[in-house]
Structures are given as structure tokens and as C-alpha cells.
Protein chains: 2
Amino acid sequence: MGTTQLDTVPEPKYWHLKTVIGEALDSDFAVGEILPNERELAARFGVARATLRQALEQLELEGRLQRRRGVGTTVAPPRMGVDVSASLQDWPGSPTDAWQPVGCTTALPPAAVARALDTDTDEDVHTLRRMLVTHGQPVAAELLYVPSSSVPELSAIDAPAGAARARAVLRELQRLAPAGLDRAVELGSARADDAKELDRLPGAPVLVVTTRYLTEGRTAVVSVATYRADTCRLTFGASGDLEIRHDTAQRRAS
Amino acid sequence: MGTTQLDTVPEPKYWHLKTVIGEALDSDFAVGEILPNERELAARFGVARATLRQALEQLELEGRLQRRRGVGTTVAPPRMGVDVSASLQDWPGSPTDAWQPVGCTTALPPAAVARALDTDTDEDVHTLRRMLVTHGQPVAAELLYVPSSSVPELSAIDAPAGAARARAVLRELQRLAPAGLDRAVELGSARADDAKELDRLPGAPVLVVTTRYLTEGRTAVVSVATYRADTCRLTFGASGDLEIRHDTAQRRAS
DNA sequence: GAGTGGTCTAGACCACCCT
DNA sequence: GGGTGGTCTAGACCACTCT
């Protein structure tokens, strides 16, 4: 007697909630629409607010919701495709480069950077800060490490620190002969400074793209670019419009 | 009078904790070492367990910790580089392909898949399941969508469903003439089935790589590959050993 | 000032792994 | 059975944005 039902492994509540709300987003809400606040949603589903928040966090991680303190929770538009395909013609500072320089400091590099650059810690490195903005929204923040030996003419220029020097460094980079480039993508969490520029809270999930630009025989530049993981999809090649909704695509196949 | 100290914006406790523990990991722990359990750590730092967990979650997201239910929290090794650079010679099923087919079903496609394939919803699609395992650890799970029109000879073969049919489909794919490929990377959370194969809990962060394989004029195959975001770094090009510890790299430059 | 999401607490119970 | 991380609760207060 007793359990007429099979002993279903109890699905966590927040996981079930995420599914339910996700389906509601597809059917009952339009992009940009504001959801009821967390306290009301929690009451409506009969769960504690913390549990509801766990579900909303998942949906935000998947880019389906956007939450802003003091404002509310809104339905996010589909992620925008950001082309990060690499080519030798697209070195930092090239005419097609959409990044906006915002600053530059010059100092001895931390050990990790020196290692990536295959240089010594006693050689000055220019550290450029750049932003990528699309449709009025900040998309990525970048740190470009340029050893002073990659731009030997620059010391004579004596540009003031800040955006002006950043532009000067980028201009000098155009003299180099590109010989290759390699790249890695991994998950990270936004440092406080990046978070601020990306209009997110510290710790927000980001996609970190590390690129090493090579001239013959050595690493000329290293870039660490931090993309908002909630709002963008990195594309390689001309596949900007490719979109498979990860959840729904699988409802049918096993 | 009163506040002799400047009104520091209070840094969240979990953020500060994350920093402190992160530094301890660098100096006091070896890879694979087991940390004290959460209740003890929380007590030691004088915070609630939930707060401590928030810090640990961040560190796990960054690939610095590994937590397993019933076992404990261990210091994770550096992320492994997984080469996902694309080339026309590396189509699914090629001799250099390290993926292991585990199953195959054939059915009418869900709408989202049909859209990605530029085909109709009334044409059968083979859905292959494959795994990528490195050093004994599951790294990624893939779904390969192959419209039956891409492997016209297959219907005659009549292979049984499962791994055998998967291999048959891959073999047939080798007849095609590759004409291009494009790719996108985005953040997602593991579906229940992927999570199980990747030895993670549902909802775990993953990097979703969507690839469209083209023959002249049409999309021949679409792949949705789900990589464990905690343990791997996707590399494009031969940059397997490039590593900049995201946090420490920035201690010095602004 | 009212309303929102973000942080934090102190408990409880559960699912899982080991021995 | 004992210990671990995972889930969940019912509250409290804080930081922010808008009006």
C-alpha cells in the first residue's frame, strides 16, 4: 500500500520554478516588459523569496531576464551576436576596429602579464583600457598589454597619459607586421572595475577572451577582453543570426 | 563630528570573503587539497553559511574550486585548454575527431532546429549524441542535428538506433563536400541530461558552442556542444598554454 | 518616501558519498 | 551512520532608482 505513485526523485523547487517562469516568458510576456516584483512572485508561487531568486538568477544567467536594483526585473531581448572572428587585418587600432580607447597607463607589468608576453618584468608595458559599445549599450571592456619594445618609437612622443596616449600606442601598433594570433574563451566573473564600466554588479558572469597577437618570433600584444555574458553571444564567422533556443530545441529529441 | 573614517562604501561580505579565500588558495593550498567544510569555514569567518557559500560559488564559477556533494570542496587544477578551432578538414566524423558517439535518434525536428537547418519541420532529422572525454574526465556533451537529406544513402542502411546508427551517420557525412562553417559561443546552464553526462548538477554553468556546417548553398549539419565552464577554456589556434590569472593580472595596472 | 532588487542571518532538512 | 554539500525557509536590513 502507500505510494501508488512511483518514487519520483524530487526535482528542486527552484529548478521547477525556472521552467515554469521560462515558459511563461515565452507565452505571456513581451521583450522589455516588467515582471511582478520578487516578493509578489514568491508569494504567488508559495516559496520563500530566496528560492524564487535562485530561479531568477538562472534565467538571468541564460540571458532571458534582466534585473536592475531599484527598478525591477524585465524580459531581456535575445542576446546580440558580437563578431570576434580574428584576422590579421584586424589588429587593435586598425580602421575597422570599433573599440573606443579610454585610457592608458605605463608601468612595470605584473608577473602573469610578463609571462604571457614572453618578456621580462623589468620592461615597461603600456596598459590600454578600451570599451566596446553597441546600440548605446556597453558590451565589453578590454585591457591591452603592449610592451614598450613593441612600439619603440613611442617614448619620443611623450603623449600624456590617458586616452591620448592610448591612441598614440594604437597608431604605433600599425607599423608592426602581423604574423599570427591565438585566442581563448573562458567563463569569469567581473572585477569591480570592469563591472562598473559594463553597468553590472561585481561578480557578474562574463566571457573572458584572451588574445595573443604575434609578430614573427614574438608576442607583440596581449588582450584580455571581458564581455557581458548575459547580453551577448560571441560569433566566429558570419553567423550573426544563428540562434537555437537551448531549452526548447531539445523538447523533442532525446 | 563622529565619522573620523571616510564613508567607505561597504563592500559586500561575500565579495571580501571571496578575495580572502582566493588569496589563501594561492598561498596555503595545493591543487586537489580539501578545504574545511562549509560550516566550519563559516564559523571561522564569522558569517552565515549562506554567505560563505556565495563566496565559494564565485570561486567555483572562476574554476578555482570544485565542490562535490557528500565529499567536500577541493582546490581545482587550472582549467584545461580545449581546442575548438575550426577547419574544413575537421568535420564531425573525420579521422582526427575525438568525440565519442553514444547514441542516435531519428525524428521530426523541433521548430528551432528546423530553422537553424533551413529545412522544413516535416523532414526527418538524425539527432546524434556525442561526448568528449579528456584525461578520463567528461568535458563536453554534444547534440548533432543531421537532416536526412544530408545523408541520403542512409535510409537504405537501416542501422539500429543508438551508437551504431550514430557511427553510420558520421560515416555518411564524410561523403559531403565542406564549403564553410560558422560558430557562436555563449553562456548557458546545463540541462538535466547534459548535466548528468558531464557529472554536474542541473543548472551548472556551461559554454554552449553552436556550429553550423555548410555545404555549397545549404546547412548540412548543426551542432550544439555544451562544455563544462568550470573546468575548461576554449582555445582557437595553438594557444593551449596561454594563461593569465584574471584577478591577479590586474593588481598593478589601473 | 516608496518600491525595487541585493545582502545577510540562523536555523532546518535532504541527497549523496564514504567506510 | 556520520559527514559533506544542496535546498529551503522566514525573516531583517541595505543600496539604489524613481517621482
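Residue numbers start from 1 in every chain, and the chains themselves are labelled A, B, ... in the order their sequence lines are given, proteins ahead of strands.
A pairwise comparison of heavy atoms in A:Cys104 and A:Leu128 identifies SG-CD2, 3.4 Å as the closest pair.
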Footprint string (nucleotides 3-10 of chain D, 5' to 3'): B base within contact, S backbone only, - free, heavy atoms under 4.0 Å: BBBBBSB-
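A:Val82 has its side chain out of reach of A:Arg228: every pair of non-hydrogen atoms, C-beta onward, lies at least 4.5 Å apart. Taking the side chain as every heavy atom from C-beta outward, A:Val146 and A:Val222 never approach each other to under 4.5 Å.
In the helix from C:dG1-D:dC18 to C:dC18-D:dG1, the terminal helix axes, each the rotation mapping four pairs' C1' atoms onto the next four within five end pairs, subtend 10°, rounded to 10°.
Screening B:Arg68, B:Arg67, B:Lys18 for a salt bridge (Lys or Arg N to Asp or Glu O under 4.0 Å) with B:Glu60, the sole residue that qualifies is B:Arg67.
Considering CZ of A:Phe236 and CG of B:Leu234, their distance stands at 8.0 Å, rounded to 0.5 Å.
Proximity of a side-chain donor or acceptor of A:Glu23 to a complementary backbone N or O of A:Val20 within less than 3.5 Å is not detected. Put simply, the side chain of B:Arg212 never gets that close to the backbone of B:Arg183: no donor and acceptor are under 3.5 Å apart.
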